[in-house]
Amino acid sequence: MEEQATILEKTTKTQTMSGSEAIIHCLLAEGVDLIYGYPGGAIMPMYDELYKFQDKLQHVLTRHEQGATHAAQGYARATGKVGVAVATSGPGATNLITGIADAQIDSTPMVCITGQVASHLLGSDAFQETDIIGISTPVTKWNYQITKASEIPEVLAKAFYIANSGRPGPVLIDITKDAQFGELDFAYAKCNYIRSYTPVPDVNEVALQQAAALINNAKKPMIVWGQGVILGKAEAEFKAVIEKAGIPSAWTILGLSAIPTSHPLNIGMVGMHGNYAPNVLTNECDVLIAIGMRFDDRVTGNLATYAKQAKVIHFEIDPAEVNKNVKADIAVLGDAKESLHKLLPLLKENTHPRWLQKFKDLYKVEYDKIIVNDLTPTKEGLTMGEVLHHINKATEGNAIIVSDVGQHQMIACRYAKFNKSKSNITSGGLGTMGFALPAAIGAKMGAPEREVVAIIGDGGYQMTIQELGTIFQSEVPVKIVVLNNEFLGMVRQWQQLFFEKRYASTELKNPDFIKIAQGYNIEAQRVIKREELADAVTKMIASKDSFFLEVMVEKEDNVFPMIPTGASVADIRLE
């Protein structure tokens with residue numbers, strides 16, 4: 001600890017060092033203790049300096065640069081800190097793009113550092129040169145190319161500030177090789193202000209009072225909350241607001257876990273595969289309060305028929321999201337924690353028993369038609385829902401669940417039980433197959449005291465399966481569950497329902513996943529029969545090491561409810 005304090009103290013004083021050494025000092029000054037990456041020629045000077053600081057800054061060697069970004073995302077989502085990923089120039093840098101785009105649309109704070117060819121070679125099509133600034137501009141919150149060593153401290157300070165302030169997002173800093181070799185008189189000062197950049201708008205007190213008046217007079221109010229509640233660390237304020245006003249509250253998949261799933265005012269998930277009641281009653285509520293969500297098309301369905309009867313109040317930190325998809329009658333800009341704290345004393349104590357009963361009645365319809373068959377099925381084949389049911393029992397709702405993209409993701413979000421915030425980590429807006437395995441690595445390293453269970457389909461699993469090597473080398477005790485239906489399940493479901501069962505390129509011939517896991521020294525088990533499932537899940541959760549569990553589930557099971565593309569939320573199908 002004394003050595004670490006000495007290094008950080010030195011950063012406030014001027015000292016001569018190389019650009020690559022300056023990068024390491026900047027990371028330490030920002031409190032970074034863990035980064036994910038893959039070395040190469042253009043970033044080699046930084047890695048050479050990193051070698052000297054191994055006791056202070058842990059580097060995790062992923063097996064692909066995309067894995068580095070998803071691991072950094074998982075770390076950030078589990079901790080609330082900035083995730084860091086590093087890659088070389090050319091293909092190393094371009095391999096980061098999918099994870100960067102995922103972080104951008106899901107508002108995940110991340111700083112990516114890429115090496116670049118020497119500045120005198122820029123634009124010459126040099127070996128492994130690519131215009132990563134041009135490529136990444138549409139999918140980053142900010143990016144910048146450093147060509148002089150002297151720029152490194154100020155630019156990296158800005159990078160961390162921008163990534164983690166306001167609505168978070170990814171930042172990419174490209175550093176030429178000569179800038180890494182060059183010398184500078186180093187001093188570091190954290191950034192907390194950039195002219196013309198206003199990350200958090202001031203809360204408008206008049207708008208807040210107008211919002212409170214609408215809520216207080218509402219007969220059928222409904223809240224839809226998103227990840228903004230979690231990113232704003234506003235869980236306590238949010239819970240106080242809904243309990244005082246007695247408002248039924250539904251979540252987007254990224255908002256899940258902000259309050260416990262067992263909370264009596266938690267009415268479930270909205271969206272394409274969300275719960276029946278909150279979707280149908282969106283088009284019956286008289287006041288719709290959106291908090292930290294962006295009215296994504298998977299939430300709204302057909303915008304022409306979405307909540308037209310309701311007055312809409314939108315609590316949002318990003319002005320660009322207000323009126324983008326759904327017109328707000330009242331917009332309350334600002335940080336969710338501050339806005340909800342100021343809203344609370346303006347609200348009247350209220351309950352809406354008849355309105356809440358409607359949600360309970362429709363939940364009973366969904367339970368009898370769908371949920372009971374998903375969780376306690378009578379058919380011979382295993383369902384994805386019953387796997388989640390046993391995971392819930394084994395973890396008691398205290399695990400972090402990291403899901404990939406597909407049918408299993410919707411099942412995980414529908415049925416996983418959570419007691420704590422920052423417990424549901426998944427790819428939302430971009431829908432990135434291959435996200436879960438590396439993201440689970442990052443989540444476990446960020447929250448080592450918590451159980452981390454990755455729920456993955458057999459298709460997405462094979463997109464980043466090489467990250468088993470990262471688990472093996474770094475000894476990360478992640479629990480991996482592959483729900484194997486030998487199909488690209490979500491696409492197959494659409495083909496069944498809308499393309500007359502023409503299963504074009506969706507059936508998978510899979511390898512022996514058990515042997516692959518064992519090849520990486522990971523204990524593995526396959527479950528085929530129902531009577532094997534409970535014990536296998538218990539064994540997996542009890543293991544102190546990484547564990548791979550493959551469950552062979554029904555090949556042609558579908559996820560319901562479902563809102564067909566272009567349909568109204570009120571037209572949600574139960575079959």
Side-chain angles (χ1 to χ4, degrees), residues 36 58 60-64 67 70-71 74-75 78 382-384 386-404 408-409 411-412 416 423 425 434-486 508 510-553:
Y36 299 89
Q58 182 183 2
V60 177
L61 177 64
T62 58
R63 294 306 185 261
H64 191 281
H70 293 328
Y75 175 88
L382 288 163
T383 69
M384 292 179 279
E386 64 184 305
V387 180
L388 265 296
H389 173 66
H390 285 289
I391 290 172
N392 287 334
K393 287 174 66 177
T395 62
E396 299 181 334
N398 294 319
I400 294 175
I401 302 293
V402 185
S403 55
D404 213 78
H408 68 279
Q409 176 191 36
I411 290 292
S423 293
I425 298 175
F435 171 88
L437 185 60
I441 294 170
K444 182 63 179 178
M445 298 185 85
E449 75 286 356
R450 299 191 65 187
E451 194 70 73
V452 175
V453 182
I455 309 292
I456 317 177
D458 48 314
Y461 181 56
Q462 294 179 82
M463 288 195 170
T464 52
I465 194 171
Q466 70 276 359
E467 298 309 329
L468 292 175
T470 306
I471 292 173
F472 177 39
Q473 182 167 344
S474 299
E475 299 181 343
V476 188
V478 170
K479 309 301 167 59
I480 307 157
V481 180
V482 167
L483 303 180
N484 187 354
N485 56 13
E486 299 179 313
L508 293 170
N510 291 319
D512 188 330
F513 292 132
I514 301 298
K515 287 182 179 178
I516 292 172
Q518 290 172 340
Y520 286 101
N521 204 33
I522 296 170
E523 186 175 1
Q525 183 175 347
R526 179 183 292 116
V527 170
I528 299 174
K529 298 178 181 179
R530 179 163 289 117
E531 54 266 27
E532 303 169 335
L533 180 59
D535 287 345
V537 170
T538 299
K539 179 181 177 182
M540 174 184 72
I541 297 302
S543 174
K544 300 299 182 184
D545 302 314
S546 54
F547 194 104
F548 174 81
L549 180 64
E550 178 184 21
V551 183
M552 305 303 296
V553 296

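Side chains included, hydrogens not; waters and symmetry mates left out as well; all remaining heavy atoms used.
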So which atom in [X] and which in [Y] form the shortest heavy-atom distance, rounded to 0.1 Å?
| X | Y | result |
| --- | --- | --- |
| R450 | S423 | NH2-OG, 2.7 Å |
| G460 | I456 | C-CG2, 4.1 Å |
| A439 | V402 | CB-CG1, 3.9 Å |
| G446 | Y75 | CA-CD1, 3.5 Å |
| I522 | S546 | CG1-OG, 3.6 Å |
| S403 | A436 | C-CB, 3.6 Å |

For this session: Test side-chain contact (heavy atoms from CB on, under 4.5 Å) on V387 and L382 and set out the steps.
Result: CA-CA 8 Å; V387 180; L382 288 163; 5.6 Å; no
Rounded to the nearest 0.5 Å, what's the gap from [atom1] on [X] to [atom2] on [Y]? Could you check?
| X | Y | atom1 | atom2 | result |
| --- | --- | --- | --- | --- |
| K529 | M552 | NZ | CE | 14.0 Å |
| E550 | I528 | CD | CD1 | 8.0 Å |
| H70 | T62 | NE2 | OG1 | 10.5 Å |
| I516 | I465 | CD1 | CD1 | 4.0 Å |
| I480 | E467 | CD1 | CD | 11.0 Å |
| K444 | S474 | NZ | OG | 14.0 Å |

Problem set entry | Greater than 12 external heavy atoms within 6.0 Å of E532's CD |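 Counting neighbours around CD of E532, more than 12 heavy atoms of other residues, nucleotides or ligands fall under 6.0 Å, so yes.
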Problem set entry | Within 6.0 angstrom of E531 CD, more than 12 heavy atoms from elsewhere |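 Counting other residues, nucleotides and ligands, CD of E531 exceeds 12 neighbours.
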For this session: Test side-chain contact (heavy atoms from CB on, under 4.5 Å) on T383 and I411 and set out the steps.
Result: CA-CA 10 Å; T383 69; I411 290 292; over 6 Å; no
Less than 4.5 Å apart, side chain to side chain, heavy atoms only: is that true for [X] and [Y]?
| X | Y | answer |
| --- | --- | --- |
| T470 | V476 | no |
| V537 | V551 | no |
| I425 | I400 | yes |
| D512 | R526 | yes |
| I541 | E451 | yes |
| P438 | H64 | no |

Exercise. Would you call the rings of Y461 and F548 parallel, tilted or perpendicular, where under 30° means parallel and over 60° means perpendicular?
Worked result: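 Correct class here is parallel.
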Problem set entry | side-chain contact (heavy atoms from CB on, under 4.5 Å) assessment of I391 paired with I455 | CA-CA 10 Å; I391 290 172; I455 309 292; 3.6 Å; yes
May I ask you to decide if [Y]'s main-chain N or O and [X]'s side chain share a donor-acceptor pair within less than 3.5 Å?
| X | Y | result |
| --- | --- | --- |
| R63 | G469 | yes |
| D404 | F435 | yes |
| T464 | G434 | yes |
| N484 | D458 | no |

Exercise. Checking side-chain contact (heavy atoms from CB on, under 4.5 Å) against L549, which of Q525, E523, K479 comes through?
Worked result: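 In the set Q525, E523, K479, the residue that makes a side-chain contact (heavy atoms from CB on, under 4.5 Å) with L549 is Q525.
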